[in-house]
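Shown next, in structure tokens, is the structure this report addresses.
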Amino acid sequence: MKIAVLTDSGSGMTQSEAQEQGIYYLPLQVLKREEQYLDGITIDLHQVYQLLHEGVLMSTSMPPIGMIEETLKKMKDEGVDALICVPITSGLSSTASVMTAVAQDIGIKLYIVETYTTCYLQRYLAECAKKLADQGLDAETIVKRLQKAVEDSDTLIIPDDLQHLKRGGRLTPMAAALGSLLKIKPILQLNIKSSGKIDVYDKVRTMSRAQLKAMETFAAAMQDENYVVSCLHTDAPEACQELLDKMIAMMPGRQFYFGYIGAVISVHTGIGCLGIQYIRKVEGCE
């Protein structure tokens, strides 16, 4: 049986990075006024960061339906029997539901992995799916192993720009103004408990307390060393490196990753945002 793996740019991958690993790729869209860009193809991460620095208002959207249809038809023509899809959480995007409908129309067997998250954990799951497929495992076994890892995972987000969240409709103007005045930092969560939607986990005073709260939450949740932990940022490498160093000291023995928050998520969180994620290692993905 020929198994293929498909992910989208919520994973933080570019099209070329996905192709190098033999993973099929769909770009989410970044919308700026009347202009539409394909994330990771016609606009890159650092261009999005620059627009955020300039205060340009942007929004995001799922991959173009025509591109989804074209990609899945190509897979079927290439003899793919089973397609494992690792998309951005359905709590943030309709990508997964549209893929399901297109797959039914085309007649290709589709397995959706509900990640309840995005960014590095989505990338990790897609890469593990490809590794396990290359090992000869069947699609059902691969999906079962991925979903088991997802059950023991979490994402916490610490935004720095409350005004940006206000502009994006995530906070009311009054709450944003009060939060800025009192130096309140919301800690946002994205996981199974929040159904893959961004929810408020806690509110604390100052960034340092927010980071400590997030780290303590992770340290209490991970009962052994068999985890992958990521520290991500939206154009705040020094702050993220400092946070990563603290996490390594507090949670030794885990596998750590340092990187960027992807373009489509950064559009909604703004510059200076920090995100930390953990997931139990997928069985067989070393």
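- Under 3.5 Å, the side chains of E114 and Q147 contain no donor-acceptor pair of N or O atoms.
- Applying the ring pair (Phe, Tyr, Trp, His ring centres under 6.0 Å) definition to pairs two or more places apart or across chains, those involving residues 29-67 are H46-Y49, H46-Y260.
- Here the closest non-hydrogen pair linking A139 and I3 is N-CD1, 3.5 Å.
- Counting heavy atoms from C-beta outward, S93 and P87 have side chains that stay 4.5 Å or more apart.
- The minimum heavy-atom distance between M75 and I108, with the atom names listed, is CB-CD1, 4.0 Å.
- The main-chain N or O of S11 is found under 3.5 Å from a side-chain atom of Q122 such that the two form a donor-acceptor pair.
- Distance CD/Q19 to CD1/I23: 11.0 Å, rounded to 0.5 Å.
- A distance-only check finds no donor-acceptor pair linking the side chain of S153 to the backbone of I279 [under 3.5 Å].
- Hydrophobic clustering (side-chain heavy atoms under 4.5 Å, transitive across Ile, Leu, Val, Met, Phe, Trp, Tyr) keeps L57 apart from L31.
- Under the 3.5 Å distance criterion, the side-chain polar atoms of D81 are matched with a main-chain donor or acceptor of K2.
- Here the closest non-hydrogen pair linking P64 and P27 is CD-O, 4.0 Å.
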Please assess M99 against M62 for the test side-chain contact (heavy atoms from CB on, under 4.5 Å), listing each intermediate value before the final yes or no. CA-CA 10 Å; M99 286 180 180; M62 59 172 283; over 6 Å; no

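- R254 places a side-chain N or O within 3.5 Å of a backbone atom of P252 that can act as its donor or acceptor partner.
- With rounding to the nearest 0.5 Å, the separation of CZ in R123 from CD in Q21 is 6.0 Å.
- Listed by first then second residue, pairs satisfying disulfide (SG to SG under 2.5 Å) with a partner in residues 248-286 read C128-C285, not counting sequence neighbours.
- Screening residues 57-74 for side-chain hydrogen bond (donor to acceptor under 3.5 Å, both in side chains), with sequence neighbours left out, gives T60-H268.
- Here the closest heavy-atom approach between residue Y227 and residue A221 is recorded as OH-O, 4.1 Å.
- Judged purely by atom type and a 3.5 angstrom limit, R145 uses its side chain to pair as donor or acceptor with the backbone of E283.
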Please test I84 against V143 for side-chain contact (heavy atoms from CB on, under 4.5 Å), starting from the C-alpha separation and ending with a verdict. CA-CA 8 Å; I84 298 175; V143 172; 4.2 Å; yes

Give the C-alpha distance, both sets of side-chain angles, the deciding distance and a yes or no for side-chain contact (heavy atoms from CB on, under 4.5 Å) between D154 and L156. CA-CA 7 Å; D154 198 4; L156 293 177; 4.3 Å; yes

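- Applying the ring pair (Phe, Tyr, Trp, His ring centres under 6.0 Å) test to pairs two or more places apart or on separate chains, those with a residue in residues 96-149 are Y120-Y257.
- At least one side-chain heavy atom of M58 sits under 4.5 Å from a side-chain heavy atom of L52.
- Separating the CD1 atom in I276 from the NZ atom in K246 is a distance of 11.5 Å, to the nearest 0.5 Å.
- Checking side-chain atoms of T118 against main-chain N and O of G10 turns up a donor-acceptor pair under 3.5 Å.
- There is a side-chain donor-acceptor pair under 3.5 Å between E54 and Q50.
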Please lay out, stage by stage, how D39 and S9 fare under the test side-chain hydrogen bond (donor to acceptor under 3.5 Å, both in side chains). CA-CA 6 Å; D39 181 23; S9 63; 2.8 Å; yes

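- Nearest heavy-atom pair across T42 and Q47 is O-OE1, 4.3 Å.
- Within the 4.5 Å cutoff, the side chain of V30 has no heavy atoms near those of the Q36 side chain.
- Between Y278 and D152, some side-chain heavy-atom pair lies under the 4.5 Å cut-off.
- Between Q255 atom CD and K281 atom NZ the span is 4.5 Å, to the nearest 0.5 Å.
- Remark: the backbone N or O of E17 is paired with a side-chain donor or acceptor of T14 at under 3.5 angstrom.
- Few gaps surround CD on E35; more than 12 heavy atoms of other groups in view lie less than 6.0 Å from it.
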Evaluation steps, side-chain contact (heavy atoms from CB on, under 4.5 Å), between T234 and T269: CA-CA 8 Å; T234 302; T269 62; 3.9 Å; yes

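- Of all heavy-atom pairs between A4 and Y24, the closest is CB-CE1, 3.7 Å.
- Following chains of ILVMFWY side-chain contacts shorter than 4.5 Å, one can reach F218 starting from M250, so the two form part of one hydrophobic cluster.
- A distance of 7.5 Å separates CD in Q189 from NZ in K193, rounded to the nearest 0.5 Å.
- For the pair S194 (side chain) and N191 (backbone), a donor-acceptor distance under 3.5 Å is present.
- Judged purely by distance below 3.5 Å, without hydrogens or angles, the side chains of S230 and Q277 pair a donor atom with an acceptor atom.
- I65 CD1: 12 or fewer foreign heavy atoms inside a 6.0 Å radius.
- Side chains of Y201 and T217: a donor on one and an acceptor on the other come within 3.5 Å.
- Between the side chains of T155 and T117, at least one donor N or O sits under 3.5 Å from an acceptor N or O.
- Inter-residue side-chain proximity for I158 and L188 is flagged as unmet; no heavy-atom pair is nearer than 4.5 Å.
- Applying the salt bridge (Lys or Arg N to Asp or Glu O under 4.0 Å) test to residues at least two apart or on different chains, the pairs with a partner in residues 211-232 are D202-K213, D224-R280.
- Side-chain contact check for K203 versus I187: every heavy-atom pair is 4.5 Å or farther apart.
- The backbone N or O of I88 lies less than 3.5 Å from a partner atom in the side chain of D8, making a donor-acceptor pair.
- In this structure a side-chain-to-backbone donor-acceptor pair under 3.5 Å is missing from Q211 to S208.
- The line from CG of L38 to CD1 of I43 is 10.0 Å long, rounded to the nearest 0.5 Å.
- The disulfide (SG to SG under 2.5 Å) contacts involving residues 37-126 comprise nothing, where partners must be two or more places apart or lie in separate chains.
- No side-chain heavy atom of E242 sits less than 4.5 Å from a side-chain heavy atom of M247.
- Contact check for I157 versus L274: no side-chain heavy atoms found under the 4.5 Å cut-off.
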